Structure formats: C-alpha cells, structure tokens
Amino acid sequence: MISNSQSESGISFVGCGSATPPKIINNDQLGQRVDTNDEWIKSRTGIRERRVIGENQSLIDLASDAALKAIKMANWDEKTIDLIILATSTPEDLFGSAPKIQSNLGASNAVAFDLTAACSGFLFALVTASQYLASGSMKRAVVIGADQLSKWVDWDDRKTCVLFGDGAGAVAVEANKNDNGLIGYDLKSDGSRGGCLNLSQSNIFLDLVQGATYQKGEYLPIRMEGKEVYKFAVKEVPIILGELLDKHQIESESIDWLLLHQANQRILDAVASRFLIPSDKVLSNLEHYGNTSAATIPLMLDEAVRDERIKSGDLIACSGFGAGLSWGAALFYWHGPY
Ligand code: COA
C-alpha cells in the first residue's frame, strides 16, 4: 500500500485533453457478430457504444493528441515539460510507447516512460508523477492514460467484447508550493486475486536449437470472471474512498464530483449510493465509450471540464480499479483554466 500522509503534495491540475477514434460500434452492430443485444448490454452495463481504432490511426496518435490538448489548455511551452508518463496496458512497442509521444509533442527536455497498472494505470501514473513534482526534482508533467483494448478483446466472446473500447486522456500537472491540488491518495494491489482478469502471454514454446526451446512472444485475448471483478469493485472502491475521506476529514457532501473508472454504470451507482452522492454529481460517459481502461478517468475529466460542469476549485473524488488486481483513490481540486 502507498499513501501520502497529508496535504503537502504541492501540485496543481492545470490542463486536460482527450481523444477518441472516430469509428463507433454500437450494441446492435455487436449483436450481428455475437449472441447479444442492446437491451442486455445497456441494462447490465450502461454501455450503448464504443470507439475502436481502425487503420490509419494508432494509440500513439490518440495519446499524443490528448496530451497536446492538455498542454494547450495549460498554456505551456512544450520545451518546459520535464516528465511524460503514459499509463497503458496496450503499448505499440513493448519497449515503451511514451518516448514516441515525447517526440510527437516536441517535448525534447522531458523524460518519458510507460507505466502499466491496467484500469488503475492513470491514477497510479498521476501519483507517480506527483512524487517527482512534490520532491522538487521536476516542475511540469503530462500524465496520459491511453488504451487500445480492441486489439486484445476476443470479439467472439460476448462476456467480454461488449465492455471495452479505445481512447486516450491526459492531464497537465505542475509543482506549486502554494497549492494542495492533490489532497491525498491511496493505492493498492493484490496479486493473489489477479486471476479473475488477465491479458496473459500464451505459453507456446518452439524449438530453438537441439535441446533448447524458446518462448514465442504472444498474448492471449482478455479473459475475465465478470462476477468476481464486479464484487471486487463494489467492495474495495467504497472502502478505499471512505478511508481516504476519513483520513482527510472530508465529508462526502463536500465532494463536487465523483469520478470513477468507467467500467459499468451499476458499479458507479453502487459506489455513489454508499456515500449518498446524488446522481447529478456522478460523472459518467461510459454509455458512449465503454471501458477504455487507463483512459476512462482523464477522458471523463476532460469532457466535464470542457462542457463546464467541472469548474475551477471543484473537489473531485476519484477512484480507479481493475486488473492486477489493482485499485486506488485520490482526492483533488481542479484548478484548470475552464
Ligand atoms: N449478451 C447476452 N447475454 C450474455 C452476455 C451478453 N453480452 N454476456 C453474458 N451473457 C449471459 C451469460 O452467458 C449468462 O447466461 P446463462 O445464465 O445462460 O449462463 C447470463 O448472461 C448471465 O451472465 P453473468 O456473467 O452472470 O452476468 P452478470 O450479471 O454478472 O453481468 C457483467 C456480466 C460482465 C456485465 C458483470 O459481471 C460485470 O460488469 N462485471 C464487471 C466487469 C468489469 O467491469 N470489468 C472490468 C473491470 S476494470
């Protein structure tokens, strides 16, 4: 477990951006491929459609686009960026996709690396970036959550294929000794329960030379025990968020927005009802994008900032959860220009 002790982080949220692919696949279209229908998907998940990256576009394009918009909102010269973290489980290059984004942005003074924590990835990356900023070693960071789960979904498995989509979101955060934008956070992992949601390598060994084999680099499609994941989320998210609120002596009535990983509307509703948070304070856009993994939180944040639901000074209670198992929560003030 990792958590900060109090409001000393000294970072400000000053920009956000997002990007999604143009191709929309709705529930009826999926029903033409697998034995499912709009009614089943909507009632069990809240999802109506999702976006899928097609030819002539890439995850790096989306992530770069989202990051550029965040940098523009923050009004930063890209040469002043010190750090770029790309949270993703679906890199284009297993050696890392973040450096290509750094190059696309022209952020030649930034160090850039990938971080993998599945659907908790954005939150884990945000907290990681905050450590560099709070320590004084860096001043400006871009944190990106981007995933292309469409390439790892088994599109013939109705139990999983209806849930996921592609997208990217980003935030610009900077060190600010006079601000406590990130009030607190808590991150957790439990590998002993990791078997209920995996994107695992295949175990294929081929002959190398006489007497030796090598493992072929290949991954299996996403495999999930939906009920177990559901139970995990509705149990652990209220606990971690409740403990964080208690620790910082914040009443749930003070929360302006509940911003959860967009996996399933029923999970969002269950967590909101546990804290008696009214539905108009629960941010949700999964209807249009499905679960975009590390992208859901910044994608939702960006939408709500740009349509002026979230205003400067609003308090946001955020939680991400997913494979690993991994989960986390953060409380922060939005201080962007909108
Ligand atoms: N369309 C139609 N029927 C479907 C279906 C689909 N897309 N997917 C499953 N079903 C069927 C099942 O085959 C099962 O039929 P059976 O009773 O004849 O065997 C029935 O619906 C119930 O399946 P079940 O898996 O018990 O449904 P559920 O109520 O648990 O809902 C999820 C399934 C996936 C929507 C739900 O478990 C869930 O949201 N889990 C969390 C998943 C998640 O968020 N993962 C990512 C976390 S980061």
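Indexing begins at 1, ligand by ligand and atom by atom, following the structure's order. Note that the coordinates shown come from a computational prediction; the quantities given were computed from them, not determined experimentally.
Backbone and side-chain nitrogen or oxygen atoms of Thr45 are examined, and none is located within less than 3.5 angstrom of a nitrogen or oxygen of ligand 1. Remark: ligand 1 and Arg158 share an N or O pair separated by less than 3.5 Å (distance only, no angle test). Where the criterion is an N or O separation shorter than 3.5 Å, residue side chain and backbone included, Asn291 fails it with respect to ligand 1. When only interatomic distances are considered, the shortest N/O to N/O separation between Asn37 and ligand 1 does not fall below 3.5 Å. For ligand 1, one of its N or O atoms has an N or O atom of Gly226 under 3.5 Å away.
In this structure, Arg50 forms no cation-pi arrangement with Phe164, as its terminal cationic atom is not both closer than 6.0 Å to the ring centre and no more than 45° off the ring axis.
The nearest heavy-atom contact from the protein to atom 36 (C) of ligand 1 is Arg266 NH2, 4.0 Å.
Proximity of atom 29 (O) of ligand 1 to the protein is indicated by at least one non-hydrogen atom lying closer than 4.0 angstrom. When distances from atom 48 (S) of ligand 1 to the protein are checked, a heavy atom turns up under 4.0 Å. Under the 4.0 Å distance rule, the nearest protein heavy atom to atom 9 (C) of ligand 1 falls inside the cut-off. Not a single protein heavy atom sits closer than 4.0 Å to atom 18 (O) of ligand 1. For atom 25 (O) of ligand 1, no protein non-hydrogen atom is found at a distance below 4.0 Å. Distance screen at 4.0 Å: atom 42 (C) of ligand 1 has a protein heavy-atom neighbour inside the cut-off.
Salt bridge present: Arg193 and Asp190 bring a charged side-chain N and a carboxylate O closer than 4.0 Å. Using a 4.0 Å cut-off between a side-chain N of Lys or Arg and a carboxylate O of Asp or Glu, Lys100 and Asp93 do not qualify as a salt bridge.
Checked by atom type, the side-chain pair Asp166/Ser150 shows a donor-acceptor distance below 3.5 Å. Judged by distance alone, the side chains of Asp61 and Ser58 do bring a donor and an acceptor atom under 3.5 Å apart. A donor-acceptor contact closer than 3.5 angstrom links the side chains of Asn285 and Glu303.
Distances below 4.0 Å separate heavy atoms of His261 from the following atoms of ligand 1: 48 (S). Within ligand 1, counting atoms from 1 as listed, the ones closer than 4.0 Å to a heavy atom of Cys119 are 48 (S).
At a 4.0 Å heavy-atom cut-off, ligand 1 touches Trp40 through the side chain alone. Only the side chain of Asn264 comes within contact range of ligand 1, with a heavy atom under 4.0 Å; no backbone atom does.
Ring orientation note: the planes of Phe321 and His261 are nearly perpendicular, at an angle over 60° on the 30°/60° scale.
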Worked check of ring pair (Phe, Tyr, Trp, His ring centres under 6.0 Å) between Phe332 and Phe13: CA-CA 8 Å; Phe332 64 89; Phe13 291 76; 4.3 Å; yes

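At least one heavy atom of Asp35 sits less than 4.0 Å from an atom of ligand 1.
None of Asn37, Thr45, Asp38 except one satisfies the side chain to side chain donor-acceptor pair (under 3.5 Å) rule with Asn27; the exception is Asp38. Considering Ile310, Val282, Leu283, Leu268 as possible partners of Leu259, the one that fulfils the side chain to side chain contact (heavy atoms under 4.5 Å, CB included) test is Leu283.
When side chains are defined from C-beta on, Cys318 does not count as touching Leu260, because their heavy atoms never get closer than 4.5 Å.
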